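Treat the numbers as computed from the prediction; the structure is a model and nothing was measured. In what follows, every chain begins at residue 1, and chains take the letters A, B, ... in the order their sequences are listed.
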There are 2 protein chains.
Amino acid sequence: MRLLVVDDDPPIADLVATVARYEGWDAVTANTGEEALRLAGEFHPDIVVLDLMLPGVDGFGVLDRLRRSGTMVPVVFLTARDGVADRVAGLTRGGDDYLVKPFAVEELMARLRTVLRRSAGPDFQRSVLRVGELSMDEDTHEVRHGEKPLTLTPTEYEVLRFLMRKSPTVMTKAQILDHVWEYGFGGRSNVVELVVSRLRRKLDDTSGSGTPLIQTVRGFGYVIRRAGE
Amino acid sequence: MRLLVVDDDPPIADLVATVARYEGWDAVTANTGEEALRLAGEFHPDIVVLDLMLPGVDGFGVLDRLRRSGTMVPVVFLTARDGVADRVAGLTRGGDDYLVKPFAVEELMARLRTVLRRSAGPDFQRSVLRVGELSMDEDTHEVRHGEKPLTLTPTEYEVLRFLMRKSPTVMTKAQILDHVWEYGFGGRSNVVELVVSRLRRKLDDTSGSGTPLIQTVRGFGYVIRRAGE
DNA sequence: CGGAACCTGTCGGGAACCTGTCGGACAGCT
DNA sequence: AGCTGTCCGACAGGTTCCCGACAGGTTCCG
């Protein structure tokens with residue numbers, strides 16, 4: 001999978017590229033619109049992450065020229081919270097998507113995967129995470145424990161997804177914070193504990209089993225493991 | 001494996017380099033940002049340990065220039081407990097990682113190995129330590145003796161991991177202290193004996209075999225050896 | 001037999017963790 | 001715009017459990 005990241009802020013571009021490589025993708029970064037267009041021609045990405053605030057040729061211009069040159073590569077836009085959000089909305093047909101800065105990295109990767117899956121064809125299959133009795137459909141956002149459907153808040157959903165993706169590896173609270181919350185969040189508090197606590201209440205009320213689904217590994221962090229392991 | 005350590009405090013840099021060499025790696029140290037950049041160019045490290053508090057070009061600057069010059073070498077950051085931790089978090093979502101000073105050397109080495117394993121490719125396999133009947137999965141934190149799973153406290157876990165990793169070499173109490181506890185720990189007491197004692201109780205209750213898993217070499221230290229050797 | 005090295009029981013301080021509560025922020029609706 | 005419900009994170013109180021100081025006992029060796 002080949003990813004082109006376009007952002008004039010090198011740390012952000014690198015951040016995204018690094019995460020993508022960590023997932024096993026090829027990734028290149030561009031800091032200007034011109035560079036982006038050049039790389040698009042040479043690198044032939046399967047998907048593009050495109051910041052709309054660019055010096056010189058801006059994001060819309062880049063998109064325009066990309067499309068004009070006939071490439072239908074899907075694009076996920078990045079935008080600041082204010083302003084252009086409306087105009088972006090108009091662009092997100094055709095399988096594309098957008099994200100507001102600052103974003104959480106897991107969120108971005110999730111959207112990239114969704115967009116890719118959709119653009120692969122009309123007959124894409126659902127991506128469903130499963131760990132033991134738990135299942136999570138990343139398209140419909142349906143989460144069930146056994147037969148029982150659960151309704152989770154956004155934060156709960158993200159934390160649970162992260163733990164399910166990493167299962168059965170133990171994740172520290174710092175790692176969960178870094179991946180699920182927006183970058184730059186100064187969470188000095190016990191947010192993670194709090195969300196885990198709320199999750200447990202929803203998850204474990206369902207089953208009477210003794211061992212909780214999300215286990216605490218004292219001094220290290222949390223894991224989600226299928227029962228008996 | 002080639003390691004570049006960047007820290008303006010020579011004792012710290014040397015400490016890390018020494019441990020790495022002891023593990024069979026090539027290691028060089030730099031005490032300033034400029035030196036770090038020069039060495040990165042000459043030495044071509046596979047991984048970098050980078051203190052963020054540097055005189056002159058600071059850690060972020062070094063990282064920036066490294067990335068700008070196209071090198072994707074993974075980095076593990078060192079940082080004081082206060083302040084910059086948030087900014088670091090933003091940088092560590094990829095394969096990279098960070099550690100808060102003061103740290104324990106084994107902790108650092110463990111993270112270096114994890115980062116290297118991850119950046120080697122998406123298809124890395126789990127790292128499981130085995131000595132005889134004992135097995136320890138460093139990702140899931142599962143420790144078992146034969147079939148029986150053990151639950152260890154953080155300190156017990158670290159000491160056992162250290163002994164397993166060094167097995168069948170005898171380690172002195174001083175070495176164990178230096179590697180598992182944070183540097184600067186004033187433990188004049190018999191902490192190591194204490195932890196070993198507690199470990200033995202957990203380990204040996206499992207098997208009725210006569211020889212304890214962790215053996216005392218009187219006058220030298222402790223070893224963990226597979227039975228009968 | 002005497003001392004050094006080692007083992008282990010106990011216990012208090014404190015770290016790590018859990019959970020209840022509450023107010024601010026935000027979205028949806030009328 | 002005003003109202004209402006929901007979500008989220010700050011704060012604080014309570015609980016569990018770790019860990020290292022201390023001390024007394026045991027083993028080993030010269």
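- Nearest to the side chain of B:Arg218, among D:dC19, D:dT27, C:dC18, sits D:dT27.
- If you take NZ of B:Lys202 and C1' of D:dC17, they are 11 Å apart, rounded to a whole angstrom.
- Using a 4.0 Å cut-off between charged side-chain N and carboxylate O, A:Arg165 and A:Glu138 make a salt bridge.
- Distance, B:Leu199 CG to C:dT8 P: 12 Å, rounded to whole Å.
- Counting atom types as modelled, A:Arg198 pairs no side-chain N or O with a base atom of C:dT19 as donor and acceptor under 3.5 Å.
- For the pair B:Glu193 CD and D:dC22 P, the computed distance is 15 Å after rounding to whole Å.
- Closest approach to the A:Thr153 side chain among C:dC17, C:dT8, D:dC8 is made by D:dC8 (side chain taken as heavy atoms from C-beta onward).
- The shortest distance between the side-chain N/O atoms of A:Lys173 and the OP1/OP2 oxygens of C:dC17 is below 4.0 Å.
- Contact annotation for A:Tyr157: no contact, since no heavy-atom pair falls under 4.0 Å across all strands.
- By the 30° and 60° cut-offs, the orientation of the rings of B:Phe162 relative to B:His179 is parallel.
- Here D:dG9 presents its C1' atom at 17 Å from CD of A:Glu158, a figure rounded to the nearest Å.
- Paired with B:Lys101 under the rule side-chain hydrogen bond (donor to acceptor under 3.5 Å, both in side chains), one option of B:Asp7, B:Asp9, B:Thr79 passes, and it is B:Asp7.
- Atom CZ of A:Arg200 is separated from atom C1' of C:dC18 by 8 Å (rounded to the nearest Å).
- Of the side-chain N and O atoms in B:Thr216, none sit less than 4.0 angstrom from OP1 or OP2 of C:dC6.
- For the pair B:Phe185 CZ and D:dG20 P, the computed distance is 5 Å after rounding to whole Å.
- In this structure, B:Leu194 atom CG and C:dG12 atom P are separated by 16 Å, rounded to whole Å.
- A sub-4.0 Å separation between OP1 or OP2 of D:dG20 and a side-chain N or O of B:Trp181 is present.
- In this pair, B:Tyr183 and B:Phe103 present their aromatic rings perpendicular. The plane angle is above 60°, beyond the 30 to 60° band.
- For B:Leu152 and D:dC18, the CG to C1' distance is 13 Å, given to the nearest whole Å.
- Distance from the side chain of A:Asn190 is smallest for C:dC18 among the nucleotides C:dC18, C:dC6, C:dT8.
- Looking only at side-chain heavy atoms (C-beta outward), A:Gln175 and A:Asp178 stay at 4.5 Å or farther from each other.
- Contact annotation: A:Thr155 side-chain N/O to D:dC8 OP1/OP2 distance is under 4.0 Å.
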